[in-house]
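Let me begin by presenting the structure, written as structure tokens, before commenting on it.
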Amino acid sequence: MSDLLAVTGVTKTFSGLRAVDDVSFTVEAGEIVGLIGPNGAGKTTLFNVIGGRLPCDTGSVVFDDDDITGWPPHRIARRGIGRTFQLMRPFGSMTVLDNVTVPAATGVTSIVEAREQARSVVDRVGLSDQVDDLAEALPTAARKRLELARALALHPRLLLLDEVLSGLTPAEREPLLTLLLDIRGEGVSLLLVEHVMAAVMRLSDRILVLHHGQLLASGTPSEVTSDPQVIEAYLGEEDLLAGS
Amino acid sequence: MRARLAEAQSQLLVLAAMAAILATVPLWLHGSGRTVAIRVLISAGVGVGWNVMGGFAGQFSFGHAAYFGIGAYTGAYLLVSHGISPWIGMVVGAVLAAGFGALTGWLSFRYRLRGAYFALATFAFAEMLRLVVQAQGWLNATQGLQVPVRPESSWWMMQFSTTSPNYYFIGLALVVVLVAITILLVTSRRGMFIVAVREDEEGAAAAGVDGTANKVAAVALSGAMTAVMGTFFVQVFFFIDPELAFGPAESVAILLPAVIGGTGTIWGPVVGALILIPLGEWTAGIVRDPPAFLDAVAGRSGLDLVLFAILLILILLFLPKGVYGSLAHRWRR
Ligand SMILES: Nc1ncnc2c1ncn2[C@@H]1O[C@H](COP(=O)(O)OP(=O)(O)O)[C@@H](O)[C@H]1O
Ligand SMILES: [Mg+2]
């Protein structure tokens with residue numbers, strides 16, 4: 001089996017609301033999979049289930065041949081799944097470097113080594129100039145990079161990226177897109193929630209469409225955008241598809 | 001690259017320099033002034049202990065008397081009933097306090113107590129210990145325990161003549177050790193994890209850091225550090241009872257130095273203690289023996305505490321991050 005991640009029959013309800021409804025899919029090693037869907041479709045909830053932040057009602061999540069269903073989030077992170085938060089969660093009173101040293105230090109016992117690793121990740125995401133700034137003082141674009149840096153410092157095999165590109169100007173997006181392709185080039189898989197359609201279409205090998213918690217369609221970018229069901233689901237939100 | 005190690009080294013150097021200066025205090029400070037100095041040291045020590053949990057780990061404790069009392073009673077009981085050295089009592093008390101902290105901390109985090117509810121739980125645990133100890137005949141119930149006076153001085157039994165500077169030196173050494181522990185903690189991996197969990201527990205979990213384990217570790221360490229000062233307190237004042245050891249007044253006295261000086265900073269509780277204790281002495285003195293125009297307040301008991309409280313409120317109004325915390329913050333910017 002070459003699947004890195006296998007999500008099978010996952011359902012998550014919030015007091016009656018089926019936020020994620022019997023969703024199954026896989027992500028292969030080195031693959032970029034886009035996860036799209038209107039607001040409230042359940043994308044973030046699905047990430048929370050995979051990352052261990054929320055328990056699922058039914059279903060299973062298997063990562064790299066380990067059944068990680070029900071594992072606590074810190075253990076899943078150490079096992080090799082890095083994630084970013086749509087609502088960013090920096091360690092406000094810590095410097096950028098310290099923010100990134102924390103995940104690096106979960107993998108090595110030497111703080112000096114963790115710091116060196118963090119330093120190179122910070123350089124890589126383009127935050128070298130802010131390395132000693134407090135995270136709480138960073139503007140949004142830099143915070144997005146910091147989220148990514150923190151996830152990368154875990155040396156993950158899979159990255160769950162929740163809207164890392166939204167809220168950025170096209171000029172700010174471009175280097176990040178290049179970086180994401182670079183990361184994939186190293187064999188890391190990406191599962192990407194994104195509202196910026198142009199970016200999703202360009203990056204993704206495959207796209208999953210979530211609607212009212214259910215998987216509505218999956219396929220290559222061109223297959224998905226020509227799917228009548230998908231067009232129907234996005235009715236009134238044409239602007240989202242317009243970018244493609 | 002080695003900034004953290006360098007930071008630890010420079011802070012330890014500052015500590016060593018301060019310790020050297022403070023070691024000269026008994027040369028020029030005698031009598032009641034020296035007792036005040038020893039109270040400053042006790043206040044600084046418990047404040048440094050509280051700060052690990054309430055400051056760095058961000059888990060506000062309103063019941064640190066539990067740990068202080070465990071240290072005080074363990075040392076006192078082993079000494080009074082079994083003639084065991086307070087040094088051993090200090091270690092045993094610290095271990096027991098760490099165990100109590102780990103257990104109660106784990107329970108509180110397990111049941112997701114946060115903020116005010118968590119603080120109330122710590123208060124309840126301290127009150128529980130107070131009530132339990134009050135009911136124990138073998139601990140002399142509400143009467144408390146008295147340290148037997150020995151005919152001769154003894155380092156091993158931590159007892160000296162009342163004019164000896166040794167109490168001061170021991171207190172200073174304990175505070176230096178506790179501050180050194182704090183410095184080593186905050187510049188370590190563990191310390192970073194503890195602060196990260198305080199800043200954002202979910203973000204920390206996504207970074208591979210176990211929130212509960214790190215919070216429990218901080219509570220246990222904080223409890224042990226505070227307990228050490230409890231054992232020392234009994235040796236200095238020769239007496240402990242359940243109210244002194246476990247009472248709410250003690251819990252407040254323990255959290256004040258860090259709050260006034262600056263929580264989550266290395267030097268905050270030390271600065272806080274240096275302000276608090278002399279300030280308390282001063283307000284007590286004013287009321288006991290007021291200047292002519294304040295004659296009316298003479299001897300009004302309780303008035304000094306009101307004055308003391310007003311001054312503390314004023315400090316926090318103008319320096320909300322505490323005296324050291326606010327100044328350090330301004331310095332940084
Ligand atoms: N913690 C929660 N409690 C209750 N309802 C939630 C919670 N998280 C998400 N939801 C609901 O679940 C649905 C899916 O939300 P979400 O996963 O955030 O969607 P998306 O990320 O696709 O915009 C929404 O209707 C949202 O209101
Ligand atoms: Mg979302």
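Proteins come first, then strands; the chains are lettered A, B, ... in the order of their sequence lines, and each starts at number 1. Just the heavy atoms: all of them, side chains too, but no hydrogens, waters or symmetry mates, feed the values below. Treat the numbers as computed from the prediction; the structure is a model and nothing was measured.
- The two residues A206(B) and F85(A) come nearest to each other via the heavy atoms CB-CE1, 3.6 Å.
- If you measure heavy-atom distances from P90(A) to chain B, the contacts under 4.5 Å come from the backbone alone.
- Atom CZ of F14(A) is surrounded by more than 12 heavy atoms from other residues, nucleotides or ligands within 6.0 Å.
- The structure places CD of E199(B) at 11.0 Å from CG of D98(A), a figure rounded to the nearest 0.5 Å.
- Between the side chain of R89(A) and the main chain of A204(B), no donor-acceptor pair closer than 3.5 Å is present.
- In this structure, E202(B) CD and H74(A) NE2 are separated by 13.5 Å, a value rounded to the nearest 0.5 Å.
- Other residues, nucleotides and ligands contribute only 12 or fewer heavy atoms inside 6.0 Å of the NZ atom of K321(B).
- Atom OG1 of residue T101(A) and atom CE of residue M192(B) lie 4.5 Å apart, to the nearest 0.5 angstrom.
- Of the listed residues M88(A), E147(A), E136(A), M94(A), the one with more heavy-atom pairs under 4.5 angstrom with chain B than any other is M94(A).
- Note that CG of D200(B) and CG of N99(A) are 9.5 Å apart. Values are rounded to the nearest 0.5 Å.
- Using a 4.5 Å cut-off between heavy atoms, V131(A) makes no contact with chain B at all.
- Each of I76(A), L97(A), T109(A) has some count of heavy-atom pairs under 4.5 Å with chain B, and the biggest count is that of T109(A).
- Here the closest non-hydrogen pair linking I111(A) and T187(B) is CD1-O, 4.1 Å.
- A donor-acceptor contact under 3.5 angstrom links the side chains of R198(B) and S93(A), judged on distance only.
- Here the closest heavy-atom approach between residue A207(B) and residue A77(A) is recorded as C-CB, 4.4 Å.
- Residues V195(B) and F91(A) form no side-chain contact, since every pair of their non-hydrogen atoms from C-beta on lies 4.5 Å or further apart.
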